[in-house]
Amino acid sequence: MKMAETIALQNERALARLNRALPEIFPAPVLTHALARRFVPPMPRLAVDSYWRVHPVRADRLARALAATTGAPAGWSWRLASGRAKDLPATFRAPAAPYREKKYHLGPGFCCVCGQPVFAFGWHLDLWERGPNPKAQWHTACVTAWRLWNAPSDFVRVLRRVQQRRCAQTGGRLWRTAEVDHRVPLFRVWREHRDTPWPKLLDYWGLPNLQLINRDVHVEKCADEAGWRRRRASRTADDAVEV
Ligand SMILES: [Zn+2]
């Protein structure tokens, strides 16, 4: 059997399974996306996963919008792990996520990234009027957003498309070796912007602060940033001596 025939047969079976499992109400864009895949996802849940995986820009925007609906828990501030507080992020590179901390955890049925209820198939709206799914603690969209915030280098192709293949710093053509960069480096976010109210703080990990730039421009930017850190460190040392 030829490869094309094998895929066609596999898709026929997957489609039959998907149709059997599909609820009466299902998000139309997800279904359209699923049917257009080279390999049709055989289950509604996999269709939702696949949809968000290819739409990280939308996922990022949605996750931050959902978080804005929730707001930060009272008394929360962005802190890093120290001593016994093991549920805090170890580094400022990890996105600030109050609802992942034990103290502010919202429990089953609520997303640990944005704090909003999670419904069937990891969807963010209760299209089925069944209420939150007590087994879920992540929106499928928030899973993709979380991946983007933690490992933006895995999304080079998406950023290349968003920037229409132009270097975000010089406007010149993006080379194959272009690299992902945070416009405001995360060490500066931690030092200078850590009091930004959550979830506005998340913008520093999301699309608003991500850019794809050519490697030579990136090397130069990193050198400037290292210089700035050195100058700042020596200034802090001087201040300490003065005190
Ligand atoms: Zn969420």
Side-chain angles (χ1 to χ4, degrees), residues 23 25-31 33-34 41 43-81 87-152 154-155 158-159 162 182 186 189 194 196-210:
I25 301 170
F26 197 65
V30 176
L31 189 57
H33 163 84
M43 295 302 286
R45 176 66 210 219
L46 296 176
V48 176
D49 280 354
S50 165
Y51 175 80
W52 286 117
R53 240 195 337 264
V54 302
H55 290 120
V57 175
R58 255 176 244 184
D60 164 65
R61 211 182 300 134
L62 176 65
R64 287 183 290 112
L66 291 170
T69 312
T70 319
W76 178 86
S77 65
W78 183 25
R79 291 176 306 139
L80 299 180
D87 58 331
L88 298 179
T91 146
F92 53 72
R93 307 216 153 267
Y99 297 105
R100 286 172 62 81
E101 294 176 20
K102 224 181 275 165
K103 186 174 171 190
Y104 301 108
H105 209 258
L106 295 167
F110 287 87
C111 177
C112 63
V113 175
C114 70
Q116 286 293 298
V118 186
F119 303 103
F121 312 113
W123 204 245
H124 52 286
L125 298 171
D126 192 7
L127 300 178
W128 306 271
E129 295 180 356
R130 279 192 237 149
N133 172 6
K135 286 189 196 148
Q137 293 192 36
W138 288 80
H139 289 120
T140 320
C142 290
V143 172
T144 296
W146 189 252
R147 280 193 192 128
L148 171 71
W149 301 343
N150 279 285
D154 295 349
F155 294 81
V158 180
L159 291 169
V162 169
H182 291 93
L186 294 175
V189 175
R194 83 174 75 153
T196 307
W198 192 91
K200 190 76 192 137
L201 195 55
L202 286 177
D203 288 5
Y204 289 113
W205 285 272
L207 248 295
N209 196 36
L210 291 177

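Quantities reported herein were computed from a predicted structural model and do not represent experimental measurements. FYI, side chains are in, hydrogens and waters are out, and symmetry mates aren't considered; it's all heavy atoms of this structure. Read the numbers this way: they start at 1 and go in the same order the structure lists the ligands and their atoms.
A distance of 6.0 Å or more separates the ring centres of F155 and W149.
One finds a salt bridge joining R45 and D49 here, because a Lys/Arg side-chain nitrogen approaches an Asp/Glu carboxylate oxygen to under 4.0 Å. Using a 4.0 Å cut-off between charged nitrogen and carboxylate oxygen, D203 and R64 count as a salt-bridge pair.
Of the candidates W146, W138, W198, Y104, Y99 forms a ring-ring contact (aromatic ring centres under 6.0 Å, His included) with just one, namely W198.
The Zn ion (ligand 1) has an N, O or S atom of C114 inside 2.8 Å of it. Among the atoms of H124, no N, O or S atom is found under 2.8 Å from the Zn ion (ligand 1).
The name of the N, O or S atom in H139 nearest to the Zn ion (ligand 1) is ND1.
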